[in-house]
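Please read the structure below before turning to the comments.
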Amino acid sequence: MTLDNIKQEIKNAGKIVILTHESPDGDAIGSSLAMYNALKQLNKQVDLIIPEYPETFNFLEGAEEIKKQGQEDEKYDLAIALDAADVKRLNGFAKYFENAKVTINIDHHGSNKMFADYNFVNPDAPACCQILILVLEYLGVDITKEIGTCLIAGIITDTGGFKYSGTSKETFEFTSWLLSIGVNVSEVYRKVLEVRTKGNFALTKLAIDRLELLEDGKIAFTYITKEDEKNVNAKNGDHDGLVDIGRTIEGVEVSILLREADGFFKGSLRSNEYVNVSDVCMMFGGGGHVRAAGCSIHLPLEEAKEKIINEVKKHLK
Ligand code: 5GP
Ligand code: MN
């Protein structure tokens, strides 16, 4: 059984590295830090490498120990990828994964490419953090208040505050248990979901101002350029949540955000009831979940917009 293998490989490993997806969100950071703290509790030698991440998550235990850069020639005995559907999503840090002797992939994306020696993937889980509860218990880790806080940060982020359809009975059961061990769920909720950075507020205004309703109001489209981000002095993660605005408008099925990156546009898609946006994004080499997915489009804004809208149109009723 995969969990037995994972337990054995962690036991055998000398140096371990934990990696997660680029543009890390609360689930990526929460799951990585929960695993990091857990492995330290098991007295393992472990590095967590995340090049850039939003300051919002600095309150989580172990955040100050996150490495931005690994040692160039570092070879790890074991690499663990969390919340990443594809080894390419590990960004420039895929090399630490590929150079490791043994690899583990723990994730909840339906589009996961099963890229490791041991893959523990459950697309029914609303967050990678929810899968980790099972994994950590199996490893004999004591889920402390600090580790629980990392896990709930990921669960709250990826369930949109317990409101997305993937939110399960287990989500509430686990949250209730966390409350009983003293985790301040409401404070984490406020920190990860409610508090807006000034940059995010400025980008939200722009995104709303530009938002277009298309196809009889079933598609909401908006975009953000590099210039916008520069103008408002945006920091890492300040674009988080912009794509959700369109989805809240009555009648909208799919919300699209195009965000300019280095020489391409990053598409973020969300749907409400029936469009599988992971399928849409896979047409552009991306993926994700049924109701939340992303992709990279190497075209100028107008062409990227037309292409993605045309693809979404094929899925509308
Ligand atoms: P977001 O729109 O928040 O960046 O991403 C939504 C979901 O889609 C996340 O679960 C994320 O991991 C996934 N995702 C975003 N971009 C890509 C991509 O380029 N490829 C794949 N496979 N998944 C992506
Ligand atoms: Mn996730």
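For ligands, and for the atoms within them, numbers begin at 1 and follow the listed sequence.
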For atom 7 (C) of ligand 1, closest protein heavy-atom neighbour:
A292 O, 3.5 Å
Before you tell me yes or no, could you show the steps for Q41 and T144 under side chain to side chain donor-acceptor pair (under 3.5 Å), namely the whole-Å CA-CA distance, both residues' side-chain angles and the distance that decides it to 0.1 Å?
CA-CA 10 Å; Q41 189 190 98; T144 58; 5.0 Å; no
If you compare C281, G294, G110, S268 by their heavy atoms, the one closest to atom 2 (O) of ligand 1 turns out to be S268
Taking atom CZ as the centre, does F201 end up with more than 12 heavy-atom neighbours from other residues, nucleotides or ligands that are less than 6.0 angstrom away?
no
For the Mn ion (ligand 2), does an N/O/S atom of D83 lie at less than 2.8 Å?
yes
If hydrogens are left out, which of H21, E22, R89 has an atom nearest to atom 12 (O) of ligand 1, that is, the closest non-hydrogen atom?
R89
Checking one value in my table: which N/O/S atom of D158 lies closest to the Mn ion (ligand 2)?
OD2
Any idea which atoms of ligand 1 are less than 4.0 Å away from a heavy-atom of H289?
10 (O)
Distance under 4.0 Å to a non-hydrogen atom of G288: what atoms of ligand 1 satisfy this?
8 (O), 13 (C), 23 (N)
Does the gap between the ring centers of F97 and F115 come in under 6.0 Å?
yes
To which of R270, H109, M282 does the heavy atom nearest atom 6 (C) of ligand 1 belong?
R270
I need the minimum non-hydrogen distance between V277 and V254, along with the two atoms involved.
CG1-CG1, 4.1 Å
Could you tell me whether the Mn ion (ligand 2) has an N, O or S atom of H108 under 2.8 Å away?
yes
Looking only at non-hydrogen atoms, find the nearest pair between A84 and N112 and report the distance.
O-ND2, 3.2 Å
Could you check atom 8 (O) of ligand 1 against the protein and tell me its nearest heavy-atom contact, residue, atom and distance included?
A293 CA, 3.3 Å
Please name the atom of D27, restricted to N, O or S, that is closest to the Mn ion (ligand 2).
OD2
Taking 4.0 angstrom as the limit and counting only heavy atoms of C295, give me the atoms of ligand 1 inside it, by number and element.
16 (N), 19 (O)
Can you tell me if, anywhere in D25, an N/O/S atom lies at a distance from the Mn ion (ligand 2) that is smaller than 2.8 Å?
no
What's the separation between atom CG in L203 and atom CZ in R196, rounded to the nearest 0.5 Å?
10.5 Å
How far apart are the C-alpha atoms of K145 and E61, what are their side-chain angles, what is the distance that settles it, and do they pass the salt bridge (charged side-chain N to carboxylate O under 4.0 Å, His left out) test?
CA-CA 10 Å; K145 194 171 146 182; E61 175 87 359; over 6 Å; no
Distance, nearest 0.5 Å, that separates CG of L242 from CD1 of I208:
9.0 Å
Does S23 have a non-hydrogen atom less than 4.0 Å from ligand 1?
no
By number and element, which atoms of ligand 1 are closer than 4.0 Å to a non-hydrogen atom of K266?
16 (N), 17 (C), 18 (C), 19 (O)
Which residues pass the ring pair (Phe, Tyr, Trp, His ring centres under 6.0 Å) test with F284, sequence neighbours left out?
none
Among S111, G285, G287, A84, closest by any non-hydrogen atom to atom 23 (N) of ligand 1
G287
Is the NZ or CZ atom of K305 positioned over Y223's six-membered ring, under 6.0 angstrom from the centre and within 45° of the axis?
no
